[in-house]
Each structure stands twice: as structure tokens, then as C-alpha cells.
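A short write-up of the structure that comes next.
The analysis underlying the following values was restricted to heavy atoms, covering all of them including side chains, and did not include hydrogens, waters or symmetry mates.
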Amino acid sequence: MSVARSTDPDRIGFDPARLARIDQHFGRYVDDGRLAGWQVVVTRRGEIAHCSVYGLRDVEAGTPVDPDTIWRIYSMTKPVTSVAAMMLWEEGRFELTDPISRWLPEFADVRVFDKGSALKAYTVPAVEPIRVWHLLTHTSGLTYGFAHTSVVDAIYRAAGYDLGVPPGLDLAGASAGMAELPLLFQPGTGWNYGVSTDVLGRLVEVVSGQTLAEFFADRILTPLGMTDTGFWVDPADAGRLAALYTPHPGTGRVVRADALGAAASVRPQCLSGGGGLVSTAADYHRFTQLLLRGGELDGVRLLSPRTVRYMTRNHLPGGGDLASLEPRGFAETVLDGIGFGLGFAVVQDPVPAKVPSSVGEYYWGGLASTAFWVDPAEELTALLFTQLMPSSTYPLRSQLRQLVYAALVG
């Protein structure tokens, strides 16, 4: 299944000439070798106003980006896992305030880093248990080893939790191992991007009695017709998978990253709810339309409108923005003026970020520079797919926003 333009842009308030600037701008990234290729989709009021591809999905093979190219979406998996959790919440299976140790007993006696080094860390008991809402909002104190910004990150790396988990562990084993590592702060007192959503995925498994792959397939992907989304690419579709690249430190031109990229072609032992999915523009477009329509698409309802509205409000302690909580790690977002909901960053004030987003817009991105956003005020969604890591290499997301909103004239 592929995605294509469904209406004339000017019918839904876009200037076609201004939308064309998107292709011109991002085309230069490919022409000078900074990106291999990309795909962009922009919609309004349920209609696709702009859909374009450019460049190569595999530079070495010379194969172009096609509308049905498969992309590693990494942390764009997190909103899917968050939707899965909230589907179970709607069934009354847990409350957001419940301690996760009720289902994951390994988290019953977590400890918090206090002082010291990675080799000799001093910890104190957690005074507040990790609750479900802490996982959804990244206020749990869990972190990422690859962030390289704290002593706790170093402790994660020493334990084998870097870009992945120690070999041989499934999600249950990985969750148990994460529980043995110190938290960065007391739960609920700060914000830090980390493995919270991976632990949330394990919670979905225990509560539902299914593996995360089974729950996704049965309850989300199949009902929505997301036929090309999963935790690995089947051999029959391997030729559609885009290659993964990193920037050359001297020239900035793309360099193939086969050691990392090959993982998407193999069924993983650990199903990462925080970053494990591959998908296509057509599939993720359907997911964003589900969100924009308040949890329903083509007669399939996964969530109530009220739940979606609740998920996309700011849930940060004290109602502040991310900057006010002084996050110390890597994040797929700017911090000023941005809140965080149950699985999504949420725009509180677009002025500090210097991009004319709408208040209430919600979004996230992935490690290989993919991104999406949903703007309920303008009934607008946008998707960007490419395969360059890390996502902080170029300001692709803010540039796409300024180009899209500059084209919105009606």
C-alpha cells in the first residue's frame, strides 16, 4: 500500500507553489550528499495535499525512494505503544496512578542515584513508586545509555543497555535488568527521555497476556490496515527497506551503517516498544489520521475522543515546559514552550521554539530523523521519513514545520 495526493492543495487552504518549496529545500540535502533520500506527506482535513519522494533508499544499490519504501521509525514506535497502553486503560485494566510493580514486581524496590561515579555509585531508596503515568510521560527516572549526559547513563552502558539491550534478553528479561539500575531522579520529580516506553511495552504484555507484537497486530495494526508495520521486515519485502546512514565526520556525506541497520531484517528477541518498529508513509499516515479523528478511522475505533484529548494535554509536574524541568538527556524535541502528554510532546507556546506551530500540536520523532506531527487546530498532519542518525544532525523537523506553515494560507 502506498500513499498519494488526494486533492488539489488550494481546496484545503494550501498554496501549491509554497508547498513545492518543501521538495526544493529538502532536495538540496540529497543533491549535496547529506541525505540519501526522503519522503514527505502533508494532509489537512483528512485530505493529502502534498506527497513527495526524492533520492535513493539505498545509495550503494542505486534504488530510489518509492512511495511504499519501508523505514525504521525508531521512537515513533512510542506513540503506538502509548496508544496500546491507553486502550487497556480504557478497559479498566489499570489506573494511571497505579504503581507498575503491581504487574512488574522487579520495580518494587528501585533505587535512585544520589552521588558518586559509575564505578562507585551511591543510591537511595525511591520515596515514590514508578507509576503508569510516569512511564507515559518520561518522568520515571529511567534513562538511555546512549545519551552520554549523566553517571546513570554510564551505568546503563556498563550493564549492556546502550542502543539496545544485552544479547539474549527478551522484553521480560530486559525489563528486569532495567529495574536493577538506579533511577536518575525520584519518580515524578523531573523529565528524562529514556527506556520508559520499553517498560510500558512490557506492562502491555503482562496486562494483556500477549506479546507486544501480538497485541499490536491484533488490536492496532490489522484493524487499521497498517499491513507494512511491524518489528521486522519479512524477507519478501527486504528490497523495500531503506538503508541506514550516518554523516561522515569530515564531509557530512552519508555513510552506510550496516551494523545497526541490519537489525530491522531479523526478528528481534526483545520487542522494543520504545523504538522497534518499521513502517511506511501510508501506514503511519493512517495512524496519524486515527489520532486527528479522535481515536477512530474508517469505522475502527481504538480510543475515545476524550482519551485522545487527555493524552495530548501537558501532564508535566506543575504544568511547566520541558525546559523548566532541566532534562539532562537526549530528546527528540526542543524544550522551551513544549510540554509532554501521555506519549507525545505537546506545544504549549510556539514562540520560544521560533516556529509558528499551533498551541496544542502534538508530535514525536525517531533516531533516524523521521518525524510526525498532528495539529488539531488546523486539522493538519505531517510526516517526514529519511534514514540518517542521529536525528540531531540537521534541523529537518523545524525546517519542515516552517515550510508547511508558510504554505498554509487559508
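Taking the ring centre of Y363 as origin, the terminal cationic atom of R401 falls inside the region bounded by 6.0 Å and 45° from the ring axis. At least one test fails for R157 against the ring of F146: distance under 6.0 Å to the centre or angle within 45° of the axis.
Using a 30° and 60° split on the angle between ring planes, Y193 and W364 fall in the perpendicular class, above 60°. Ring pair Y29/F26 is parallel by interplanar angle, where below 30° counts as parallel and above 60° as perpendicular.
A donor and an acceptor atom, one from each side chain of S140 and S196, are located under 3.5 Å apart. In this structure, a donor-acceptor pair under 3.5 Å is absent between the side chains of S117 and K120. T63 and D58 share no side-chain donor-acceptor pair at under 3.5 Å.
R253 CZ: 12 or fewer foreign heavy atoms inside a 6.0 Å radius. When the shell of 6.0 Å around CZ of R313 is examined, it contains 12 or fewer heavy atoms from other residues, nucleotides or ligands. No more than 12 heavy atoms of other residues, nucleotides or ligands shown are found within 6.0 angstrom of CD on E180. Within 6.0 Å of CG in D109 there are 12 or fewer heavy atoms belonging to other residues, nucleotides or ligands.
Between atom CG of residue L290 and atom CG of residue L303 there is a gap of 7.0 Å, rounded to the nearest 0.5 Å. Between the CG atom of L292 and the CZ atom of R44 there is a distance of 11.0 Å, given to the nearest 0.5 Å.
Taking a cutoff of 4.0 Å between a charged side-chain nitrogen and a carboxylate oxygen, R240 and D68 qualify as a salt bridge.
Partners of R293 according to the salt bridge (charged side-chain N to carboxylate O under 4.0 Å, His left out) rule, which considers only residues two or more places apart in sequence or in another chain, are E296.
Here Y284 and F372 bring their ring centres to under 6.0 angstrom of each other. In this structure, Y161 has its ring center at least 6.0 angstrom away from the ring center of Y144. For H315 and F340, the distance between ring centers is not under 6.0 angstrom.
At a threshold of 4.5 Å between non-hydrogen side-chain atoms, the residues H25 and L403 count as touching.
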